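Just below is one structure, and these are the notes that go with it.
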Amino acid sequence: MDRDRPRPPALRRRGPGADPPQRRPEAGRQHGRPDLRHPDARVLRLERDDAAARRRHPHRHPRGCRSDGGGRRGRGLDRRPRHSHEQGGPALSNTPVRVRMAPSPTGSPHVGLARTALYNWAFARKHGGTFVFRIEDTDKERNTEESYESLIDLMQWLGLSWDEGVVVGGPYGPYRQSERTEVYADVLARLRESSYTYDCFCTTEEVDARRKASGSKVLGYDGFCRELSAEQRAAFEAEGRAPVVRFRMPDGEITFDDLVRGEITFQTEHVPDFALARANGDPLYTLTAPVDDATMEITHVLRGEDLLSSTPRQVALFEGLKAIGVAKETPAFGHLPYVMGEGNKKLSKRDPQAHMALYREQGFLPEGLLNYLALLGWSIAPDRDVFTLEEMVGAFDLRDVNPNPARFDLKKAEAINAAQMRLLSVEQVTERALPFLVGAGVVDEGSEADRELLARAMPLVAERINKLTEAVDMLGFLFVAEEDFTRDEADAAKLLDEKGVEVVQAAYDAVEPLGEWTTDAIQAALQGKLVEELGLKPRNAFGPVRVAITGRRVSPPLFESMELLGRDRGLARLRSALG
RNA sequence: GCCCCGUUCGUCUAGCGGCCCAGGACGCUGGCCUCUCACGCCGGAAGCACGGGUUCGAAUCCCGUACGGGGUACCA
């Protein structure tokens, strides 16, 4: 942290880019009275690396990061044509990309967070930048260590590696806000010496009362304490009131170039002065996030769209942070769309579908989930939606990110996962499925016989399962001890009726004398007896046998299954179905 | 209330003024393959929120409306 840097005088050293907020002669801000504002309100314009200007002149030499321009369709901006080879300049700006993800450890991690992490990660990797993993745990009441650990666990499971941050450390640490209190205290002290903030003694009730009395419909703080006289201040202090530190929003407008949405302008009259720290001195998110982004030299802030309307406050704060020497540059901001649940609601923590842990437990592949999540707001090509992470990194461009919210669709997530599953080799699927098989008590990890059987069986099921957990249902019959073997009641009732039992008897007769118990021999025998001799349709012939052998209507291929089961157990199962 | 963001098949999306009476995917659905399931293959239904404007030409640009979301905290 740059505490030992020479501290610039609070009210000096302000270039055009770091203007001090205007003092307003009126005591307090006049809500609903725009006529009292300066007609020539200055414009605070944020054009990081002059991205916006460049976009307006696409043929200028794009020396900067091509992706830091956030145009969206419909804005006449130069969205890069798909698949056009990147050229005309390096894909990097002169300052290397530094992005971060900064979750609060509350509850179990949800899908929106994972998607944000993925986009940040992909952006960093694409530009050879640094991905920082920071924890925003200032709220002591709501944060839990358990949640912190599940965050780490999730990121590791997903394979979204971070270059700096918790666990791995780095030159800008510590990376947990709870360990950075001195940093915030220091910055806050320096901010208080400047004119960027002021102490505010108002209570919420007083603000509300004033608003009611004035008839103003504008919500938010009214600026009452902006220009407190020494006497007023002393009076408040005499009452024993402790002040919150408020940021003084400048007049005029703030426009920034959202990486995803293009240019966005806020009139600051609609952005009330906001608190940076509680009366007890605890820093608020409004302070900690920008301070961390500043001190960690984050270049691109990619976060959820819920933070969009707090961006003008942060942009304004950054001017103050720059003025006091805490920030070098204001980062570029990009607001990613929500991930919605059923209906039109943002996927909330209450929604079971929202939790990443669920998908992991259900046997989703990290690749599958990531692939699906990537599709929520981005696409790699018009006619393709299954791809690897590496392919995503190669193609990822913020300008291709959709600004509109996406609904999480389990069915499609499963389909994508299934497609990813088929990209794996049988050995890989086996390895991934093993913990589920062991966990379900199907396979004994220590048993050589089990492992061998699994290796022989997996090729039969690897291609027909969509989630790892399905391997348990598919393979259970092979590993279960005969005395524990049971059949699905509904399947048995349907297929092992009187007629079915006759078929099983015939199958037993056909297969019992077999000299060799191989797939081919079994198939030939059953085919000959049931289909050719008895004239059964294959479907009707093998259905009952399948239930007799595997206990289910849905199973791996029958003849192979019988071979794997072995002669003794195979015959025993057929016999047991006759009873 | 005010401010900001958003709106293409049920869902995720392609589309950047003529290539679009809109392409892909999931789902749904008809069929093929087939010992079940899954895969694979062939086919079908299904969409530019609405109204103005600009233009020879609009899903695409502009304006408005409607609808959805977010913010307006000493929450994040």
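Reminder, nothing fancy here: chain letters follow the sequence lines and each chain counts from 1. In this text the structure is predicted, and so the values were computed from the model without any measurement.
Taking atom C1' on both nucleotides, B/C32 is separated from B/G51 by 48 Å, rounded to a whole Å. For the C1' atoms, the distance linking B/C50 with B/G68 amounts to 15 Å, nearest Å. Across B/G18 and B/C37, the matching C1' atoms stand 48 Å from one another, rounded to whole Å. On the C1' atoms, B/G47 is 15 Å away from B/G27, given to the nearest whole Å. Distance noted for atom C1' between B/G6 and B/U13: 16 Å (whole Å). Atom name C1', nucleotides B/A59 and B/U54: the rounded distance is 16 Å, in whole Å.
Listed pair A/Ser379 / B/C12 fails the phosphate criterion, with no side-chain N or O lying under 4.0 Å from OP1 or OP2. OP1 or OP2 of B/C74 has at least one side-chain nitrogen or oxygen of A/Arg246 nearer than 4.0 Å. Listed pair A/Asn402 / B/A14 meets the phosphate criterion, a side-chain N or O lying under 4.0 Å from OP1 or OP2. Distances shown here put every side-chain N or O of A/Arg313 at or beyond 4.0 Å from the OP1 or OP2 atom of B/G71. For the OP1/OP2 pair of B/C39 and a distance below 4.0 Å, the side-chain nitrogens and oxygens of A/Arg464 include no atom meeting the criterion. Within the structure, a side-chain polar atom (N or O) of A/Arg539 is placed less than 4.0 Å from OP1 or OP2 of B/U36.
Note: CD (A/Glu463) to P (B/C39) measures 11 Å, nearest angstrom. Rounded to whole Å, atom C1' of B/A25 lies 16 Å from atom CG of A/Leu410. The CG-P distance, from A/Asn371 to B/A25, rounds to 15 Å in whole Å. Between A/Asp385 atom CG and B/A25 atom C1' there is a gap of 4 Å when expressed in whole angstrom units.
For A/Phe224 and A/Phe201, the ring centers sit 6.0 Å or farther from each other.
Base pairing of B/A66: its partner is B/U7, meeting the Watson-Crick or G-U wobble criterion (both donor-acceptor distances under 3.5 Å). The partner of B/C74, taking Watson-Crick or G-U wobble pairs whose two distances both stay under 3.5 Å, does not exist in any strand shown.
A tilted orientation is assigned to the rings of A/Phe408 and A/Tyr359, their planes being inclined by 30° to 60°. Classification of the A/Trp378-A/Phe396 ring pair by plane angle, with boundaries at 30° and 60°, yields tilted.
Here A/Arg241 pairs with A/Glu206 in a salt bridge; the nearest charged N to carboxylate O distance falls below 4.0 Å.
Donor-acceptor pairing under 3.5 Å is recorded for the side chains of A/Arg303 and A/Thr311.
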